[in-house]
Amino acid sequence: MRYLPHTEEDIASMLETVGVEHLEDLYSTVPSGCRRSTPLNLPEPLSEWELDNHMSGLAATMGASPEYTVFLGAGNYEHFIPESVRYLLSRSEFVTAYTPYQPELSQGTLQAIYEYQTLVSRLLGMEIANASLYDGASALAEALLMTVRITHKEKIVISGAVHPAYRQVVRTYFSSTGYEIIELPYLEDGRTDLSALRGMQDVAGVALQSPNFFGCIEQLSQAAEITHSFGALFVTAFSEPLAYGLYKNPGIQGADIACGEGQSMGIPQSFGGPGLGMFATFMKHVRSIPGRLVGLSRDVSGKRGFVLTLATREQHIRREKATSNICTNGSLCALATATYLASLGRTGLGELARLNFDKSEYLKAALRSAGFRIRFSSPTFNEFVVEFPPGFDAVYDRLLQKKIIAGTRLARYYPELENCWLLCVTETKTREQMDRLVREVKA
Amino acid sequence: MRYLPHTEEDIASMLETVGVEHLEDLYSTVPSGCRRSTPLNLPEPLSEWELDNHMSGLAATMGASPEYTVFLGAGNYEHFIPESVRYLLSRSEFVTAYTPYQPELSQGTLQAIYEYQTLVSRLLGMEIANASLYDGASALAEALLMTVRITHKEKIVISGAVHPAYRQVVRTYFSSTGYEIIELPYLEDGRTDLSALRGMQDVAGVALQSPNFFGCIEQLSQAAEITHSFGALFVTAFSEPLAYGLYKNPGIQGADIACGEGQSMGIPQSFGGPGLGMFATFMKHVRSIPGRLVGLSRDVSGKRGFVLTLATREQHIRREKATSNICTNGSLCALATATYLASLGRTGLGELARLNFDKSEYLKAALRSAGFRIRFSSPTFNEFVVEFPPGFDAVYDRLLQKKIIAGTRLARYYPELENCWLLCVTETKTREQMDRLVREVKA
Amino acid sequence: FDELLLWEKGAKGRRGMSLPPRDVDLTSPDQALVGELPDLPDLSEMDVVRHYTRLSQWNFGVDQGMYPLGSCTMKYNPKTNEKQAGLQGFAAAHPLLPDSLSQGAFKLIHDLERFLAEITCMDAVSLQPAAGAQGELTGMLIIYAYHKSRNSKRTKIIVPDTAHGTNPASAALCGFQPVNVKSGEKGILTPEVIAQVMDESVAGIMVTNPNTLGLFEEHIIEISEIVHEKGGLVYCDGANMNAIMGIADSAKMGIDIQHLNLHKTFSTPHGSGGPGSGPVCVRKHLEPFLPVPRIAFEEGVYRLSEDFPQSIGKLHAFYGNYGVLVKAYSYVLSMGPLLQRASQLAVLNANYIKELLKDVFHLAYDRPCMHECVFTDKEQHEQKISTFEIAKRLMDYGFHPPTIYFPLVVSGAIMIEPTETESKETLDSFVQAMKSIAQEAKDHPELLREAPTKTKVKRMDETAAARHPCLTG
Amino acid sequence: FDELLLWEKGAKGRRGMSLPPRDVDLTSPDQALVGELPDLPDLSEMDVVRHYTRLSQWNFGVDQGMYPLGSCTMKYNPKTNEKQAGLQGFAAAHPLLPDSLSQGAFKLIHDLERFLAEITCMDAVSLQPAAGAQGELTGMLIIYAYHKSRNSKRTKIIVPDTAHGTNPASAALCGFQPVNVKSGEKGILTPEVIAQVMDESVAGIMVTNPNTLGLFEEHIIEISEIVHEKGGLVYCDGANMNAIMGIADSAKMGIDIQHLNLHKTFSTPHGSGGPGSGPVCVRKHLEPFLPVPRIAFEEGVYRLSEDFPQSIGKLHAFYGNYGVLVKAYSYVLSMGPLLQRASQLAVLNANYIKELLKDVFHLAYDRPCMHECVFTDKEQHEQKISTFEIAKRLMDYGFHPPTIYFPLVVSGAIMIEPTETESKETLDSFVQAMKSIAQEAKDHPELLREAPTKTKVKRMDETAAARHPCLTG
């Protein structure tokens, strides 16, 4: 077997050194009652050649780009990833290393993550960012737990226009605590109804997402102002950070914590994971942050270098008093995003964001001209909600036959939004593809 | 442009340093009569995203495995390449380096090529091998030129069962010299007719290929004996070196030079190139070898290291008196083959060669049972000639529709072999695919 | 050579990637909402490639050499697994594709769940947790939900002193009060100690088996019985599963919930610290509490189901780290029943090192170990050499250091996990290096105190970094 | 850390790769023909991966840093080109596929030929030669065939002293006698010198333009006229094409044949010494002599044609290094008319270095240069420091050395070609390094004499290697 280097001779000589006769004898400390009664019932090992065939077969069943024209967004985005990013991420020095506990052997990861923290802070308009969390949903849950840790209050408020799955994850994370979760409704224009927020009490944190699940840009400044008025922390979540290449960032609008999903920046879609939990805040909260942090330092000869730092917040030092239980995070994904942002640069980020915006406006206008209602009037970034005539399900299925996937049905998450579909357009959709979509839905 | 780092500010400041005003002014030494009158008429630059689409479109037109079941051999073989080999070959330290002129910065390439030379020598049963030539065809031409250099005789003899393209390349390389080329006919059993060889005179070198173009194993020992009897050098060519995992190698059978194509060992088919010119001989001929050589040495502190050596044979030192004009060779392909052979190992090589042989014998037997004639009776390795009934062209085209490519038509190279087709079976063909082929040709 | 920080390079207007062409007109976004562009550096593609290529060269991974980090199972990560995860059909698959266009991905999830159930002898599996610690949290939430469903409010979780730090942290995150218990003289838990702390306020126990001393918890069955008798549940941290695949039966041991680390036992790469994957396996009675969605296979079709009213909910926006699951699935298909052999060889390798080094370094517990063995720096105290120096010196010999100062119950612990993918020759040279270091500790202790010297940086000032944190540039 | 040789590792029976399953019976090969298996080491997959990963770490490529090797055009090799060449449709394509299943590959060949013709202003192109030197050989054979077709037997080829060594070697391989001519005081050829040697025994001239001093051959038109007048042909070694894309017109210069190095000008990687590709471009009158097969496009279908009775024949078993062609084609499509800009910036970069270093190092010819500039070690003679030491010392600064001691006409030549993909900052730091070295030559010459010190090995004993060659282990 190509992954097991031991020859029979090796095994014999090593067993002799250890002083037992058979491999089985190595398990003398495992009581017989603990042992399995049957051998492993798994398929016989596949050769790499067979594995290739098997996996290609599975992969071929999927409705993936570019074979399919996919107008799905809703927290997972199709963006072009340059081959240079993919190549760099494949280098085994990054791929096969562990968490950089030994800084002398990990300066590559450490510098890259330090740079990632910096790029993310700048993108979000915050002072500091951590080294990554699992994904956007758990990052939001961690952010709200952090508001509780900081304020010692026991209620959290979350907009109903936050990604439904994110809200579910928050509920799960909070399910065994006694903390109360209040949901804010959304308005007819697709934004969160902030009126209910005024005068709230005992609130630790208020969370909005922008662009929100409907693609709408929220009034973050107003929300921050109200939130701060009753002493709570304001959390801005996001699932499409590329929007900040066009729209104002969370920091400048008063967010105390900005967190969300970074998948759209250089990370393959991969059926929803792994993504990247981005998490940024201000220096005054540094000791309450969940997850790892990389800091600048010097070695004994005074040379610049990087280390994991503030580990006293972490579980391996502080155990049950840690700021979170996170150990493995999403380093390689953070590295992907850093590499992607480095490739894009400030200029490229601006152009790419505009291209996403303009393309999605193009489709919006085309659908409107074709007689469909754009459900919400608020400005959006690269996805929006359209209301189709009743019976669109059949049209949707007909489009599938033509290898077009016409968005996500919203009724599943919001029963009141029957006949509403969330459509996403990134730079990967051509005008021709959008025109075709409009033609086909009209047909 | 992503490959051109200069900003307008950079250019302005650099032009100032150089002391000219515009980029065009840098060409003051190019007379106006030498300048082109029109701008470059090339397509506008494609973005990487457009390039991906364009190239996938071209690639999709090709009849490539695994979509097609390809029974083609004839000098280019489909063998499974493990992903580990592909990954290692993608590392830019190997890919983007130049010829290792500066040994201190090139120990990786140098050690790898030294190891390649060793593995190839062992595989072919020779004492030494060079660092690679372009491909099998030019390697054979270089070998025959070398026999002329060593013997100072002016005739060379080559079997008509040598790959037709190799013979053409040899003719091209010899076309401007006065040397005579004699071709030996092949026998009814598919092997070279050695009778014409006896008693020849003024011959520098005699070349056979084994397995030859028909897949047949030649009587190398006899040919070597006769060749040596009149003082010529015996050259064994090959296009499928995997055969030496089963059959006797050239060295043990008296070859003075063994050379051929290494593509089948870890190198993608790539529509015929790049391949790998393998070239091995004995130490006594070392100073007549064409191409580069890597040798073992020590650094000033006595540490083991590797260098390009015997450069005095080469064009950059010896100019017109060089043993060849070769400069760039096929390093990365040599590295691929070394990596592949290292992965395969002695044990794996033997098993793989047997698998190729047994599979091809299976198809041979199945075709024979189905009533088709196996044209030549000599033992073969993984390809063989079958004679189909007249009118097989139509069947062949029908099979193409079913995505089966039933070998190469031989009449194109050997008009007398009408209705004969060369079929190849490697480890990548399943019994089911072979059964299907037989069913379809019978239908 | 030093590499500048990203923003110390570049020049405005450079481009490191191209964008698809603009085939639509410019429109007018609401200017009141438009913000300033962030201050990111503009670099060319080569700038970026060189930058990260150079950074990579200062990193040490499994492909660079032996990485015997105890409890982390740094085994070889097959290249083909990366290839499979990169297949367009998986890498470019949107998680909300219609079911009819997701069958391959669903089948993979379904089959991997069954494989992991078979390997652990548990009944049902969720692949949703994104890492081991999230698996632990999932387990704790299931324990919470289980007791709640029985109208029992329990507040404590028993956690042995050998547990990973994530165990108490996960319990605490879920609102439980961890109750620390000491392992016995032999390095394993005794039923007596558990019996003392187990009562009706205790929701369950978190046990790692084999434990972090590399020892099999021989009394696990009795311990489970004690816990079950008082209505508690047994949670097993499966981080050390690499020792016992095909050998032990979690169900027989009385385990109710167990998480696995695919990035340890199932060879998905650690990626410098993630992404990982921490599936949770449960017995039948806890299946209703598993996270949703769950995969179902009916009439030849795979589909997702959310219809589990007792479920703890979702842990991930979609289905967990699918890209990681692909790699683990490829690994299991490549190994099949040989996984048992992998465990045996992992244990053989650890015992081999233990035998060869125990005359030179003090062995914390001189007993047959599982996949890892724990030494201490006791023998080197005389030379005033500590575990820290030994670890740093190993770098100069081309090895990654073992895990150090963990588990906390062993003072100056040196925790070595070789994994099954290391060959005898590599183990022999590691042993040789360790012996040389022990000799150097006697003859040239300064070599250890100044180590490492062959690395990109020398010893880093971690204290200053923590005192005056500089986290962004 | 040293890495053992492959065969110093491994153990019999290990496996580094798996084979497809055996689904046929064992048969009996003729035992008289069966041989012994070669003595190859058996290694595990991880053994192999670690071995070559470590070897890679001792190599320096363009991705590692500036590689200003004169005449080699070490520009950035875009990653996307590797991806395109790796597409299954190309990488797994057999060269003898039916025409109907080869249209994409044929179109690529056809279009690339047209692109190269456009760039050089020549009429027809063959992509068959596998490297520059094989391109030269092809050119020489075409010259031979051309004269033969006119019943003229010519025996000599004029080769300037600034030519690459491959030029005389290629001419000699083709049976021609090279006639060396000296370049003039300004570093370029003078018409007078050519007129002196040009007669009816001369088949043609091989000229490199820009030449290896980085200078444009200003008299090329007159020289071509002289050669043509006596019935000779003008061959241009296009190794230095990177200076003049979109600027110069080879046809106007009187060039009859020109080869290009795709692995230089068109950014296909050098691969540690190959594979390359050396297409040959000719004027109309030489088209009949180009290698076969040639590509034809008729009625919307691409096909190959061998019907060129005057063709010199085949240089390659199939169509040349197709995988390399894919990369060059991708590069041209990515750059388009910006190739002119690439040339301009390459020339700008070389002149920038020339200006900044000419006060510190002696400039062989103080004239506007093209894509490279040539210095010498004359200023350092006083300190007994030579080009060799300067080159080795550059390694300690993290740069690959320039080409040294070439061209031969310049004593102690230091030939610097930065290429257009290096940024101003990188050039500035290279200049700074060279200046520091010049200063060190004065203050601390021992630093240069002992260099390099930061590399895997120190200076190698090349003499002993050549005297007692050890070529296999």
Side-chain angles (χ1 to χ4, degrees), chain A residues 5 10 18 23 26 29 36 40 45 55 58-59 61-64 72 82 88 91-93 96-97 99 103-105 107-109 118 122 128 134 137 165 168 172 176 248 268 270-274 295-297 299 305 309 315-316 319-320 322 325 328-332 343 345-346 361-362 431, chain C residues 16-17 23-24 27 35 38 40 42 52 55-56 58-63 84 87 89 91-95 101 104 130-131 133 144 165 168-170 172 174 216 246 249 271-276 313-314 317-318 321-323 336-337 344 347 351 423-424 455-458 460 465 470-472:
Chain A
D10 290 339
V18 173
L23 282 174
L26 293 166
T29 60
R36 51 188 300 148
L40 284 172
M55 298 300 281
L58 291 185
T61 67
M62 304 297 293
L72 290 165
L88 290 167
R91 288 184 60 87
S92 66
E93 292 90 332
T96 70
T99 302
E104 298 87 349
L105 290 180
Q107 285 300 301
T109 299
T118 305
R122 292 183 185 185
I128 54 172
Y134 311 135
Q168 278 183 282
T172 303
S176 64
K248 283 180 184 154
S270 287
F271 208 52
L296 178 74
S297 189
D299 75 0
T309 193
Q315 38 70 29
H316 66 280
R319 298 179 79 87
E320 67 263 30
N325 70 335
T328 290
N329 52 20
S331 269
L332 204 64
S343 301
R346 182 180 200 266
E361 290 298 307
Y362 177 87
R431 180 174 183 152
Chain C
M17 63 182 270
D23 53 5
V24 297
T27 55
L40 307 181
D42 282 354
Y52 288 100
L55 291 192
S56 79
W58 308 333
N59 247 29
F60 189 100
V62 175
D63 280 9
Q84 310 309 338
L87 287 170
H94 193 284
L101 295 175
Y144 176 87
S170 301
C174 192
F216 194 86
D249 180 325
S272 303
K314 284 174 81 68
F318 302 107
N321 286 345
Y322 184 79
Q344 289 172 332
V347 173
N351 278 283
S423 66
K424 178 171 176 297
T455 46
K456 167 74 173 65
V457 293
K458 298 198 193 326
M460 293 298 302
C470 171
L471 308 177
T472 52

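So you know, we letter chains A, B, ... as the sequences are listed, proteins then strands, and number each from 1.
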Inset, instruction - Provide the closest heavy-atom pair for A/R319 versus C/A169 in the form atom of the first, atom of the second, distance. - result: O-CB, 3.5 Å
Inset, instruction - With a 4.5 Å cut-off on heavy-atom pairs, point out which of A/G108, A/G345, A/P103 contacts chain C the most. - result: A/G108
Inset, instruction - Taking all heavy atoms of C/V457 and all of A/E104, pick out the closest pair and write down the distance. - result: O-CG, 3.7 Å
Inset, instruction - Would you name the heavy atoms of A/V18 and A/L26 that are closest together and state the gap between them? - result: CG1-CD2, 4.0 Å
Legend entry - C/S170 versus C/A133, closest heavy-atom pair with distance: OG-O, 3.6 Å
Inset, instruction - Heavy-atom distances under 4.5 Å only: say whether A/S331 touches chain C with side chain, backbone, both or neither. - result: both
Inset, instruction - Among the options A/G330, A/S92, A/S270, A/P82, pick out the one with the most heavy-atom pairs lying under 4.5 Å from chain C. - result: A/S270
Legend entry - Heavy-atom contact with chain A under 4.5 Å, split by part of C/L471: both
Legend entry - Heavy-atom side-chain contact between C/P275 and A/T328 under 4.5 Å: no
Inset, instruction - Tell me, out of A/E93, A/R36, A/M62, A/K248, who's got the most heavy-atom pairs with chain C below 4.5 Å. - result: A/R36
Legend entry - Contact summary for C/C174 and C/Y144, nearest pair of heavy atoms: SG-CB, 4.2 Å
Inset, instruction - Sort out for me which of C/D249, C/T472, C/V24 touches chain A most, counting heavy-atom pairs under 4.5 Å. - result: C/T472
Legend entry - Leading residue by heavy atom contact count with chain A [cutoff under 4.5 Å; candidates C/G336, C/G273, C/G35, C/P38]: C/G273
Inset, instruction - Look at A/T99, A/D10, A/T61, A/T172 and state which one has the largest set of heavy-atom pairs under 4.5 Å with chain C. - result: A/T172
Inset, instruction - Please flag which part of A/A97 lies under 4.5 Å from any non-hydrogen atom of chain C: side chain, backbone, both or neither. - result: both
Inset, instruction - Could you have a look at C/G246, C/A131, C/P95, C/G104 and say which one has the most heavy-atom pairs with chain A under 4.5 angstrom? - result: C/P95
Legend entry - Region of C/Y52 that comes under 4.5 Å of a non-hydrogen atom in chain A: both
Inset, instruction - Specify the closest pair of heavy atoms between A/T109 and C/S272, including all atoms of both residues, with the distance to one decimal. - result: OG1-OG, 3.0 Å
Legend entry - Side chain / backbone / both / neither for A/L72 at chain C, heavy atoms under 4.5 Å: both
Legend entry - When A/G305, A/S343, A/A137 are compared by non-hydrogen pairs under 4.5 Å with chain C, the top option: A/S343
Legend entry - chain C contact via A/Q107 - side chain, backbone, both or neither, heavy atoms under 4.5 Å: both
Inset, instruction - Using non-hydrogen atoms and a 4.5 Å limit, figure out which bit of C/Y322 sits close to chain A: side chain, backbone, both or neither. - result: both
Legend entry - Choice from A/I128, A/T309, A/L58 maximising heavy atom contacts with chain C below 4.5 Å: A/L58
Inset, instruction - Could you have a look at C/P168, C/G323, C/A130 and say which one has the most heavy-atom pairs with chain A under 4.5 angstrom? - result: C/P168
Legend entry - Closest-packed option against chain A by number of heavy-atom pairs under 4.5 Å, given C/A172, C/G313, C/A92: C/A92
Legend entry - From C/N59 atom CG to C/K456 atom NZ, the distance as rounded to the nearest 0.5 Å: 11.5 Å
Legend entry - Contacting region of A/R431 [heavy-atom separation from chain C under 4.5 Å]: both
Legend entry - Qualifying residues under side-chain contact (heavy atoms from CB on, under 4.5 Å), relative to C/A91, sequence neighbours excluded: A/P268
Legend entry - side-chain contact (heavy atoms from CB on, under 4.5 Å) partners for C/K458, two or more places apart: A/D299, A/V300
Inset, instruction - Please round to the nearest 0.5 Å and tell me the distance separating atom CZ of C/F60 and atom OG1 of C/T455. - result: 12.0 Å
Legend entry - Atom pair CZ (A/R91) and CG (C/L55), whose distance is rounded to the nearest 0.5 Å: 10.5 Å
